[in-house]
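Some notes on the structure that comes next.
In what follows, chains are A, B, ... by sequence order, proteins preceding strands, each numbered from 1.
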There are 2 protein chains.
Amino acid sequence: MTEHILRGDRSASCDELFKALSDGTRRALLEYLVREGEQSVHALTAISGVSQPMVSRHLGKLKRASLVTARRAGRETFYTARAKGLAPVVQWMAVYGALWSQRFTALEDLEGY
Amino acid sequence: MTEHILRGDRSASCDELFKALSDGTRRALLEYLVREGEQSVHALTAISGVSQPMVSRHLGKLKRASLVTARRAGRETFYTARAKGLAPVVQWMAVYGALWSQRFTALEDLEGY
DNA sequence: CTCGTTCATAATCAATGGGTTATGAATTGG
DNA sequence: CCAATTCATAACCCATTGATTATGAACGAG
């Protein structure tokens, strides 16, 4: 546990991550990817309830937050949830009291980064 | 109402929580409260770098997200971090982080609550 | 080559949100 | 009582954002 540093660079990634996770539609897309695995934009649009451009933009934000990766195959783009992307947020939670009574054992392997 | 993506009931509180945590200033206030304990608005303003009304508004959001509690004493209002307020987010992390790491699809058990 | 599919980007709009200063209500101290 | 302190709210300002429709590029099937 390190001493708190005013506005470290960890803060920036936390900012981006929390912002990415703070939208319900975006979280729903991410949850779907986690549950169902790699999906095309088309498939995600079908279940998202918003327009295809919006899905693309949401996925773009998730990607910039390192929460998903994109793989292009022909005219389709497949997105995949990226486990390690949550690490900074998990770290934050661990430091600031989330670890007080919950089980994070499944995420311990992410703490390397 | 078209149900495209099935969202749990915790979605609403997660939304509020993630949004509350998605601002750096707000997180800094929360972190300070966690580290230093109960603080007055005046004290928090002194270390926040923003104006007092902004601090009040940030604290209001943290309070509505159940991340802090307020105690009034005379003309001062003391705010305290409330660790349990993070519970829905921790829950979300546990569910999707665990699913993420290893694909065991026993989601139904956890979605019971 | 041509047409439909898939996806991303641009233009646009309304709403939200972080920030400020100004104001006002309580409360405390002299 | 009067003045200063503490806090919350209101009135703005401007940047961001979620959402839409329109457009265009790239690719696959015929």
Side-chain angles (χ1 to χ4, degrees), chain A residues 6-7 11-33 36 38-65 67-80, chain B residues 1-5 7 11-33 36 38-65 67-80:
Chain A
L6 195 66
R7 292 282 197 230
S11 179
S13 58
C14 272
D15 236 72
E16 213 169 7
L17 273 172
F18 276 124
K19 273 183 187 124
L21 293 171
S22 71
D23 179 73
T25 303
R26 220 143 45 213
R27 236 168 27 246
L29 288 171
L30 192 59
E31 292 165 6
Y32 190 77
L33 286 175
E36 306 294 329
E38 189 181 61
Q39 298 288 326
S40 71
V41 175
H42 183 245
L44 292 170
T45 300
I47 55 99
S48 71
V50 295
S51 62
Q52 174 265 312
M54 206 58 227
V55 172
S56 280
R57 264 187 41 182
H58 279 314
L59 290 170
K61 289 206 172 184
L62 290 173
K63 188 178 167 194
R64 271 188 4 220
L67 286 169
V68 300
T69 57
R71 175 180 70 88
R72 207 156 181 184
R75 55 185 164 182
E76 292 177 282
T77 306
F78 291 94
Y79 284 86
T80 310
Chain B
M1 311 320 175
T2 57
E3 39 260 68
H4 295 96
I5 294 182
R7 287 187 209 169
S11 185
S13 57
C14 272
D15 234 73
E16 215 169 7
L17 274 171
F18 276 123
K19 273 183 188 124
L21 294 171
S22 71
D23 180 73
T25 303
R26 221 142 46 211
R27 248 180 4 257
L29 288 171
L30 191 59
E31 292 165 6
Y32 190 78
L33 287 175
E36 306 292 330
E38 189 180 61
Q39 297 288 326
S40 71
V41 174
H42 183 245
L44 292 170
T45 300
I47 57 101
S48 70
V50 295
S51 63
Q52 174 266 310
M54 206 57 228
V55 172
S56 283
R57 263 185 42 183
H58 279 314
L59 290 170
K61 290 205 173 186
L62 290 173
K63 189 178 165 193
R64 268 186 8 218
L67 286 169
V68 301
T69 57
R71 176 180 69 88
R72 205 150 176 195
R75 57 184 165 184
E76 292 177 281
T77 306
F78 291 94
Y79 284 85
T80 309

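Computed from coordinates, the Arg71(B) CZ to dC7(D) C1' distance equals 15 Å when rounded to whole Å. Protein atom CZ of Arg27(B) is 16 Å distant from nucleotide atom C1' of dG17(C), rounded to whole Å. Going from atom CG of Leu44(B) over to atom P of dT6(D) covers 13 Å, rounded to whole Å. As rounded to whole Å, 11 Å separates atom C1' of dA8(C) from atom CG of Leu59(A). Atom C1' of nucleotide dT16(C) and atom CD of Glu16(B) are separated by 14 Å, given to the nearest angstrom. Summarising the geometry, the separation between CD on Glu76(B) and P on dA4(D) is reported as 19 Å, rounded to the nearest angstrom. Per the geometry, CZ belonging to Arg64(A) stands 11 Å off P belonging to dT16(D), to the nearest Å. Rounded to whole Å, atom C1' of dT5(C) lies 8 Å from atom NE2 of His42(A).
Taking 4.0 Å as the cut-off between side-chain N and carboxylate O, Asp15(B) and Lys19(B) count as a salt-bridged pair.
A donor-acceptor contact shorter than 3.5 Å is absent between the side chain of Arg71(A) and the backbone of Phe78(A). For Arg26(B) (side chain) and Lys61(B) (main-chain N/O), no donor-acceptor pair under 3.5 Å exists by modelled atom type.
Residue Ser40(A) is in sugar-phosphate contact alone, with no base atom involved, counting any heavy-atom pair closer than 4.0 Å across all strands shown. Across all strands, Phe78(B) comes closer than 4.0 Å to no nucleic acid atom at all (heavy-atom distances).
In this structure the side chain of Leu67(B) reaches within 4.5 angstrom of the side chain of Leu30(B), judged on heavy atoms.
When every heavy atom of Ala65(A) is checked against every heavy atom of Glu16(A), the shortest pair comes out as CB-O, 4.1 Å.
Under 4.0 angstrom from either OP1 or OP2 of dA8(C) there lies at least one side-chain N or O belonging to Tyr79(A). For Thr45(B), no side-chain nitrogen or oxygen approaches OP1 or OP2 of dC7(D) to under 4.0 Å.
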Distances under 3.5 Å between protein N/O atoms and the N/O atoms of nucleotides 24-30 of chain C, please, pair by pair.
from    : atom 1 : to       : atom 2 : distance (Å)
dT27(C) : O2     : Arg75(B) : NH1    : 3.3

Can you give me the N/O atom pairs linking the protein to nucleotides 18-22 of chain C at distances under 3.5 Å, or say none if there are none?
from    : atom 1 : to       : atom 2 : distance (Å)
dG18(C) : OP1    : Arg26(B) : NH1    : 3.0
dG18(C) : OP1    : Arg26(B) : NH2    : 2.9
dG18(C) : OP2    : Arg26(B) : NH1    : 3.3
dG18(C) : OP2    : Lys61(B) : NZ     : 2.9
dG18(C) : N7     : Arg57(B) : NH2    : 3.0
dG19(C) : OP2    : His58(B) : NE2    : 2.7
dG19(C) : O6     : Arg57(B) : NH1    : 3.0
dT20(C) : OP2    : Ser51(B) : N      : 3.1
dT20(C) : OP2    : Ser51(B) : OG     : 2.9

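Considering CD of Gln39(B) and CG of Leu29(B), their distance stands at 10.5 Å, rounded to 0.5 Å. Atom-to-atom distance recorded for Asp23(A):CG and Leu62(A):CG is 9.0 Å, nearest 0.5 angstrom. Between the CG atom of Leu17(B) and the CZ atom of Arg64(B) there is a distance of 12.0 Å, given to the nearest 0.5 Å.
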